[in-house]
Engineer: 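Once you've had a glance at the structure underneath, I'll fire off some questions.
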Amino acid sequence: MTKRVRVRFAPSPTGGLHLGGVRTVLYNYLFAKQHGGDFILRIEDTDQSRYVPGAEEYIFNTLQWCGLEPDESPKNGGKYGPYRQSERKEQYRKYAEQLVAQGQAYYAFDTAEELDAMRNRLRTTENPSPQYDRTVRMQMRNSFTLAKEEVDGLLAANTPHVIRIKMPEHETVQFHDMIRGDVSFDTSVVDDKVLLKADGMPTYHLAVVVDDHLMEISHAFRGEEWLPSAPVHILLWRYLFGEEAMPQWAHLPLILGPSGKLSKRDGAKYGFPVFAMNWTDPKTSELTDGFKEKGFLPEAFINMLAMLGWNDGTEQELFSKDELVQRFSIEKVHKGGAKFDYEKAKWFNHEWIKKLPIDSYKEEVKKLFVEKGLQLQDESYFEKILSLVKDRCTLLSDFWAHSFFFFIAPKEIDFTPIKAKWFDEKTSFFGLYIKALNGISDFKAATLEAEFKKLAEEATLKVGELQLPLRLMLVGGKFGPPVFEIAEILGREETINRIENGLAQL
RNA sequence: GCCGCGUUCGUCUAAGGGCUAGGACACCACCCUUUCACGGUGGUGAUACGGGUUCGAAUCCCGUACGCGGUACCA
């Protein structure tokens, strides 16, 4: 019997969602959709001290912008709820107690000071981070070292305690990773991880296993940083629900920054976003830039992220979300980490701006223009301009620089590039051209250009020496699309106005 | 330190025993364009190192180096 495909992502609401997190969501989502399954989002709010208000909402916003909405989540519910770990608190204790009863876990009463003391005592240069493991287990205060009556007394008195897993000695735990193949660990080198914290909350280790079981998760994809604790999870599955019921694992490679693991600092340091959307930490007021606000399209963002660690074996690089759903394969995800390259990310965005019809982003651009203080009345004029300049824009924010002159006539024009070679014949040429403009019946770029050339020839002037002045008069600088196309869009009246203005300044 | 996972142009990657190691980004040159871009053509540029196995190795095996991750009552 094959289980229905159900994959999950479980972020902790302790800050924004970094690139690696969004990519994990993406791969989970793609795999689920590809198999007609469900993508489940649950919230790991088990660490009260690091919980950041607003972070959960931010996660939802990010997923929404990316178009990766979960089928089940704290927000839209589902029959396996609740989807917040803090609301499932009662569940975990039960399983932890079961493990204690089975002799595979134990109560530990050691205080923070006692743990510090143990670590300080054992710390050497050879062993810089001593663990709570089989070597020290019998020297600590726990239900293995204390008499049963004492343990019962401590428990009855509500003495703060944790439940730790008892790692077996010299056992090899092996499992199959969909990306890495067979991976094995010696249980002797992993410590007695805390399963249930003193505040009654589970640690990730317990929660992930219990929730994956209760929510009938079939596949679990997560970052590579979880690989070392996988043996704990395997053992928990074996003890609690049977290893054969365990989801299939895949540990995704890390996304790296210019120097090592990609961090928020890298973004600030090198000037590129590391989050999907702007995130302001309410505690520190620190802002981390987002791709959205930088002018990225979600299509490009998703595409770029998908290719950072996966490819389908062909030379295709541009994929829509639907294509990704079809072509994605977890087996083809790379083993090695990938360094994030902002230049390449921008290239993806450029491609998507060119590829997509302007309808899919014109509202975003409009918003940016309104922010610049512009009032847009003529929708078709606006659309015409977007179509004309879209190929030159890498980010949505580039649209302004490439088209503001269609809306704002240049005032003080810098004519230095042409001033030295200016003479009266040119002034009279433009006078004639204005007259001609008034007479042209169909105001199209080609006609305007033909007329311009004809007049130049009659005046025995070089066309090349006249085009730059015209451009300067129309847009105010050496930039923009072909001049006659600008004139066509500007229209007869505005074009003539701008030429007259320019002439007056010369 | 210990444990684990990795390693192909600067970057993302293709090639999973067999043609001059292919593509993309970036960079450079040329073309197009009498603006700036877009675009087009071409170019520089890589199998970490050392041993095996094999007629033949980027590919399989071993070792070394390097990188990354973990080593918390964080996830």
Side-chain angles (χ1 to χ4, degrees), chain A residues 10-15 21 44-47 49-50 108 110-112 115 119 123-133 160-164 177 179-180 183-186 188-191 193-205 207-208 222-231 251 253-254 256 258-261 304 307-318 334-348 350-351 354 389-394 398 401-402 417 462-468 470-472 474-475 477-483 486:
Chain A
S12 60
T14 55
E44 302 265 0
D45 56 346
T46 51
D47 189 352
S49 62
R50 297 205 313 164
D110 316 278
T111 62
L115 290 174
R119 294 201 171 100
R123 182 155 25 235
T124 61
T125 44
E126 306 284 82
N127 181 14
S129 42
Q131 299 181 315
Y132 196 124
D133 59 16
H161 64 278
V162 301
I163 293 181
R164 309 186 88 108
D177 185 287
I179 296 169
R180 283 152 219 283
V183 184
S184 61
F185 295 85
D186 183 343
S188 306
V189 298
V190 353
D191 58 336
K193 289 263 181 273
V194 169
L195 264 20
L196 198 74
K197 299 190 261 189
D199 62 4
M201 284 288 204
T203 58
Y204 173 86
H205 309 294
V208 77
R222 56 178 11 170
E224 192 184 1
E225 68 270 26
W226 289 107
L227 201 46
S229 49
H251 290 88
L254 264 13
L256 309 168
S259 53
K261 196 177 129 186
M304 174 276 291
M307 303 312 286
L308 211 54
W310 170 85
N311 116 338
D312 74 342
T314 72
E315 281 172 5
Q316 182 175 345
E317 291 194 88
L318 260 25
H334 308 138
K335 297 181 173 98
K339 196 175 285 185
F340 170 69
D341 180 4
Y342 190 43
E343 292 306 318
K344 185 86 186 223
K346 286 195 286 193
W347 174 80
F348 275 106
H350 188 188
E351 291 301 313
K354 287 192 287 181
V389 303
K390 63 186 281 198
D391 286 1
R392 333 160 76 88
C393 299
T394 298
D398 292 339
H402 285 297
K462 284 185 193 152
V463 179
E465 281 187 27
L466 295 166
Q467 274 197 28
L468 188 56
L470 177 61
R471 169 175 298 280
L472 258 27
L474 294 187
V475 307
K478 293 169 76 172
F479 48 74
V483 243
I486 295 174

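Chain naming here is simple, since letters A, B, ... match the order of the sequence lines and numbering starts at 1 in each.
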Engineer: Heavy atoms under 4.0 Å, any strand shown: does A/F185 hit a base, just sugar-phosphate, or nothing?
Structural biologist: sugar-phosphate
Engineer: Can you give one letter per nucleotide of nucleotides 20-35 of chain B, 5' to 3': B if a protein heavy atom sits under 4.0 Å from the base, S if only from the sugar-phosphate, - if neither?
Structural biologist: --SSBS--------BB
Engineer: Can you tell me the distance, in whole Å, between the CE atom of A/M304 and the C1' atom of B/U13?
Structural biologist: 16 Å
Engineer: Rounded to whole Å, please give me the gap between CZ in A/R180 and P in B/C3.
Structural biologist: 19 Å
Engineer: With syn defined as a glycosidic torsion within 90 degrees of 0 and anti otherwise, which applies to B/C38?
Structural biologist: syn
Engineer: Using a heavy-atom cut-off of under 4.0 Å over every strand shown, decide if A/H334 touches base, sugar-phosphate, or nothing.
Structural biologist: sugar-phosphate
Engineer: Scan every strand shown for a Watson-Crick or G-U wobble partner of B/A37, both distances under 3.5 Å, and answer none if you come up empty.
Structural biologist: none
Engineer: Less than 4.5 Å apart, side chain to side chain, heavy atoms only: is that true for A/L308 and A/K344?
Structural biologist: no
Engineer: B/A24 pairs with which nucleotide, Watson-Crick or G-U wobble, both distances below 3.5 Å?
Structural biologist: B/U11
Engineer: Could you let me know what B/C55 is paired to, Watson-Crick or G-U wobble, both distances under 3.5 Å, or none if it's on its own?
Structural biologist: B/G18
Engineer: Are A/M304 and A/F340 close enough that some pair of their side-chain heavy atoms sits under 4.5 Å apart?
Structural biologist: yes
Engineer: Run the side chain to side chain contact (heavy atoms under 4.5 Å, CB included) test against A/V190 and tell me which residues pass, sequence neighbours left out.
Structural biologist: A/M167, A/P231, A/V232
Engineer: Could you list the residues that satisfy side-chain hydrogen bond (donor to acceptor under 3.5 Å, both in side chains) with A/W226, not counting sequence neighbours?
Structural biologist: none
Engineer: Mind checking if A/N311 touches a base, just sugar-phosphate, or nothing, with heavy atoms under 4.0 Å?
Structural biologist: sugar-phosphate
Engineer: Need one value for A/K354: base, sugar-phosphate or nothing, where a base atom within 4.0 Å counts as base even if backbone is also close, heavy atoms only.
Structural biologist: sugar-phosphate
Engineer: According to side-chain hydrogen bond (donor to acceptor under 3.5 Å, both in side chains), who are the partners of A/R222, at least two apart in sequence or on a separate chain?
Structural biologist: A/Y204, A/H233, A/H251
Engineer: Determine, for nucleotides 62-75 of chain B in 5'-to-3' order, which nucleotides have protein heavy atoms under 4.0 Å from the base (write B), from only the sugar-phosphate (write S), or from neither (write -).
Structural biologist: ------SBSBSBBB
Engineer: With A/K390, which residues qualify under salt bridge (charged side-chain N to carboxylate O under 4.0 Å, His left out), at least two apart?
Structural biologist: none
Engineer: Within this structure, what is the NZ-to-P distance between A/K390 and B/G39, rounded to whole angstrom?
Structural biologist: 13 Å
Engineer: Rounding to an integer number of angstrom, what distance separates B/C27 and B/G50 when you compare their P atoms?
Structural biologist: 34 Å
Engineer: Restricting both atoms to N or O, compile the protein contacts to nucleotides 40-42 of chain B shorter than 3.5 Å, with distance only.
Structural biologist:
none

Engineer: State which residues pass side-chain hydrogen bond (donor to acceptor under 3.5 Å, both in side chains) with A/R123; sequence neighbours excluded, sorted by chain then number.
Structural biologist: A/N120
Engineer: For B/A65 and B/C49, measure between their P atoms and round to the nearest Å.
Structural biologist: 16 Å
Engineer: Answer yes or no: is there a side-chain heavy-atom contact under 4.5 Å between A/K478 and A/L468?
Structural biologist: yes
Engineer: If you look at every strand shown and take non-hydrogen atoms under 4.0 Å, does A/V183 touch a base, only sugar-phosphate, or nothing?
Structural biologist: sugar-phosphate
Engineer: Quick one: are A/R392 and A/F479 in side-chain contact, heavy atoms under 4.5 Å?
Structural biologist: no
Engineer: Could you identify the nucleotide paired to B/C32, looking across every strand shown and requiring Watson-Crick or G-U wobble geometry with both distances under 3.5 Å?
Structural biologist: none
Engineer: Which whole number of Å gives the distance between the P atom of B/C38 and that of B/G22?
Structural biologist: 26 Å
Engineer: Looking only at atom C1', what distance separates B/A75 and B/G18, rounded to whole Å?
Structural biologist: 48 Å
Engineer: Would a 4.5 Å heavy-atom cut-off, applied to side chains only, mark A/L318 and A/F348 as touching?
Structural biologist: yes
Engineer: Could you pull out all residues at least two apart from A/D391 that satisfy side chain to side chain contact (heavy atoms under 4.5 Å, CB included)?
Structural biologist: A/K354
Engineer: The criterion is side-chain hydrogen bond (donor to acceptor under 3.5 Å, both in side chains); which residues satisfy it with A/D341, sequence neighbours excluded?
Structural biologist: none
Engineer: With RNA chain B as reference, determine whether A/L308 or A/H402 sits nearer its 5' end, using the nearest nucleotide of each.
Structural biologist: A/L308
Engineer: Expressed in whole Å, how much space separates the P atoms belonging to B/A46 and B/G4?
Structural biologist: 34 Å
Engineer: What is the distance from CG of A/N127 to P of B/C3, rounded to the nearest Å?
Structural biologist: 12 Å
Engineer: When the P atoms of B/G6 and B/U13 are compared, how many Å lie between them, rounded to an integer?
Structural biologist: 15 Å
Engineer: Could you tell me the Watson-Crick or G-U partner of B/A48, where both distances fall under 3.5 Å? Say none if there is no partner.
Structural biologist: B/U64
Engineer: If B/G69 has a Watson-Crick or G-U wobble mate with both distances under 3.5 Å, name it; if not, just say none.
Structural biologist: B/C3
Engineer: Please measure how far the P atom in B/C60 lies from the corresponding atom in B/A14, and state the result in whole Å.
Structural biologist: 14 Å
Engineer: Listed by chain and number, what are the side chain to side chain contact (heavy atoms under 4.5 Å, CB included) partners of A/P253, not counting sequence neighbours?
Structural biologist: A/R23, A/R180, A/V333
Engineer: For B/A75, what is the paired nucleotide under Watson-Crick or G-U wobble rules, both distances under 3.5 Å?
Structural biologist: none
Engineer: Under the rule for side chain to side chain contact (heavy atoms under 4.5 Å, CB included), what residues qualify as partners of A/D312, not counting sequence neighbours?
Structural biologist: A/W310, A/T314, A/F319, A/R327
Engineer: When rounded to the nearest Å, what value does the distance between C1' atoms of B/U44 and B/G10 take?
Structural biologist: 12 Å
Engineer: Between A/E126 and A/H350, which residue's closest nucleotide on RNA chain B lies nearer the 5′ terminus?
Structural biologist: A/E126
Engineer: Distance check needed: B/C9 P versus A/K339 NZ, whole Å only.
Structural biologist: 11 Å
